[in-house]
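Each remark here refers to the structure printed beneath this line.
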Amino acid sequence: MPSDPIHITLPDGKVLELPQGSTAADVAASIGPGLAKAAVAAVVNGETVGLMEPIEGDAELSILTDRDPAALTVLRHSAAHVLATAVRELRPGAGIGFGPAIEEGFYYDFDVDAPFTPEDLAAFEQKMAEVAAADQPFERRRVTKEEARDLFSDDPLKLERLEEFDDDEVITVYENGPFLDLCKGPHVPSTGRLKHFKLLSGAGAYWRGDEKRQMLQRIYGTAFHKAKDLEEHLHRLEEAKRRDHRRLGKELGLFQFHPVSPGAAFWTPRGTTLYNTLERFVRERQEHDFLEVKTPLLYTKELWEQSGHWGKYRENMFLVLNNETGEHDMSLKPMNCPSHYLYYASAKHSYRELPLRYVTLDVLHRNELSGALAGLTRVRQFAQDDCHVFLRQDQIVEEVTFLMDFILGHYDAFGLPSSLTFGTRPEQRIGDDALWDQAEAALREALESTGREYEVAEGDGAFYGPKIDFRVTDSIGRQWQLGTIQLDYNAPERFDLTYVGEDNAPHRPVVIHRAVCGSFERFIAILIEHYAGAFPTWLAPEQVRLLPISEKWEDSAREFAAELDAARVRVAVEGRETLNYRIREAETEKIPYMAVIGEREAADGTVAVRKRGAGKKQEVMPRADFVARITEEIRSRAAE
RNA sequence: GCUCUGGUAGCUCAGUGGUAGAGCGCGUCCUUGGUAAGGACGAGGUCGCGGGUUCAAUCCCCGCCCAGAGCUCCA
């Protein structure tokens, strides 16, 4: 007695009729053999499911092939299971934690006595290949909590997770060959789908990310549908290593670190030139519409109590002994905001003056965990291009539009494509909803006015107001979160900030926190990696290297160097060793221009110019022409 | 902070229970060069810091410092 068929609606609106118990694989097969082969998983009524799961009743369904990002997540999740299968084969006693797909691959956490060695990883990878070759089907089963307790009686970590389920919740397990895991799924139909994968690294990871819990051993890996994608990914990892700012910073002599001041950079002369050039650029852009102020670095705790930092942020502050009181009741500033509030509050302000934009580029200190420090990207001492705008509620749209334009212009100057994220009200927040409605509407309007696409991150705003975050993509496709525009309704209350309105009564201003680079340190790290150390001429610490062919032409070279120097071009003359040696050296140091002077050039006042990376394609030109050309390139801050 | 790994010449790294090596860089001399490394000689080390084991420690053990990777993208 056949039961009623089910009706499957496809993305193009077509409706298929299939018998009860049909699976997404059946649907794919009924559409065509090509699709049946390419199918990885399916989306049924908005939920990603495995191909082999029976569809329950009428549904909207689309098939995921290896071109869908969601299918890659499924494959990687399955790869995590295959990894666990392999580890359990080789280390039967290993406890299993969680093993999800992540952005760039997957990981699985194991409870074992000792960390895995690289040799272990190689053996696991080998075993994974065997598991994949065995083409074990992934079988999904629904179980009761009671059954699950039984199945995982030897897996305390799984049991712990299990106890968090409600009694009536659907619990599923997946089984492939010898391996059984508590898992929501979905998975690819069988382990044979896993063809292109690689284990990358092992490291400790706390169970559930809680430092009070036991340390598990995590193995990271990645997997792709196509060999080419895997290769490209591995190549990108190599490329990132090659561009690592810590490595290039050392090679190009830009900055160093010393144990006597962990997390604080020593900038070399070259690095300082780079830093100052960036700072000059930032200052120049802020010259007209912003007011730069310098404020103290050290404050008593009264300020931090008022700002709320003393209670919530003290762990991250460097406290300083106050001789007067004998207490550590002073602190180096970890941010500039409170000093800007104080300065604003030091005078009465008319509504006519607003918006007021205060900028400070001072050094800040934050006591980050020692284990969190990393090169220039995570430091304890840094400087932000920090701005606080004081404005009226009715000015928000115009101001945010102005600031966005300002921030995007900055990234454009470095050829960093940017994207925008709008963070709306979080669960935990202050201020009434009417104010949030207004603030969000204003940000939205400003965002719309740019005509650019933006992502909405619901609930991602700060507790004191909504925000817009700016992310840039560097030359090898990595994304970095840099600038931010945050509305703040809390600070004006805490610091009792006011302005005198048209009605001659005091009103609360709104505060906007704005940063463009984030910190100079981190921004420079990103620039180093973005340019792979080959800075555009305007940023390069040394812009021209003059190479006299022999000592005889050194005077001529020095004369020309003086000319360039007078034109504010950063130039050095290098006369030792052979010409070939010096060319190689300048090329490795990524100097934008080499200028060679020999008998001919000295005689007719020319110079043979070789551009970085251009090889033997040199250009002989009158010296004045080269000065004109390079000064224009610097003035316009040309990209190359 | 915690786990693991590492710390040897300015840099990159090899090495050993018997007071240490390479390449590059650096110095001197020769060479005076035409577009990615000319040649010779030489200087340079508290083997991260402190303690312990040992006849003897850069090496083994303990502590500390610094660096690197990682520390929920939740079955």
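FYI, side chains are in, hydrogens and waters are out, and symmetry mates aren't considered; it's all heavy atoms of this structure.
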[atom1] atoms of [N] and [M], separation to the nearest Å:
| N | M | atom1 | result |
| --- | --- | --- | --- |
| B/C62 | B/U3 | P | 13 Å |
| B/G48 | B/G7 | P | 8 Å |
| B/U31 | B/U35 | P | 22 Å |

Query - Least distance between heavy atoms, A/Ile597 atom then A/Ser556 atom - result: CG2-OG, 3.8 Å

Hey, what do you get for [atom1] ([X]) to [atom2] ([Y]), rounding to the nearest 0.5 Å?
| X | Y | atom1 | atom2 | answer |
| --- | --- | --- | --- | --- |
| A/Met215 | A/Asp109 | CE | CG | 10.5 Å |
| A/Thr172 | A/Arg140 | OG1 | CZ | 5.0 Å |
| A/Phe124 | A/Glu89 | CZ | CD | 11.5 Å |

Requested in this report: Would you mind reporting whether A/Ile96 and A/Asp181 have side-chain heavy atoms less than 4.5 Å apart?
Outcome: yes

Roughly how many Å is it from [atom1] in [X] to [atom2] in [N], rounded to a whole number?
| X | N | atom1 | atom2 | answer |
| --- | --- | --- | --- | --- |
| A/Leu547 | B/A37 | CG | P | 14 Å |
| A/Arg582 | B/G38 | CZ | P | 10 Å |
| A/Asp113 | B/C4 | CG | P | 12 Å |

Query raised in the report: Do A/Glu315 side-chain and B/G1 base share a donor-acceptor contact under 3.5 Å?
Result: no

Of the nucleotides [options], which has the atom closest to the [X] side chain?
| X | options | value |
| --- | --- | --- |
| A/Asn580 | B/C73, B/A37, B/C4 | B/A37 |
| A/Glu551 | B/U32, B/C73, B/A36 | B/U32 |
| A/Leu579 | B/G33, B/A36, B/C11 | B/G33 |

OP1 or OP2 of [N] less than 4.0 angstrom from a side-chain nitrogen or oxygen of [X], does that happen here?
| X | N | value |
| --- | --- | --- |
| A/Arg584 | B/C24 | no |
| A/Tyr581 | B/G25 | yes |
| A/Lys617 | B/U35 | no |

Partner lookup for [N], please. Criteria are Watson-Crick or G-U wobble with both distances under 3.5 angstrom; report none if nothing qualifies.
| N | answer |
| --- | --- |
| B/U58 | none |
| B/A67 | B/U5 |
| B/U72 | none |
| B/G10 | B/C24 |
| B/G44 | none |

Report task. Classify every nucleotide of nucleotides 59-71 of chain B by which part a protein heavy atom approaches to under 4.0 Å, writing B for the base, S for the sugar-phosphate alone and - for neither, in 5'-to-3' order. Result -> -------SSSSBB

Query - Main-chain N/O of A/Ala595 paired with A/Arg610 side-chain donor or acceptor, under 3.5 Å - result: no

Query raised in the report: Could you walk me through whether A/Arg88 and A/Asp155 pass the salt bridge (Lys or Arg N to Asp or Glu O under 4.0 Å) check?
Result: CA-CA 12 Å; A/Arg88 272 280 174 94; A/Asp155 284 307; 2.6 Å; yes

Report task. Please work out if A/Lys184 contacts a base, only the sugar-phosphate, or nothing of the nucleic acid, heavy-atom cut-off 4.0 Å. Result -> base

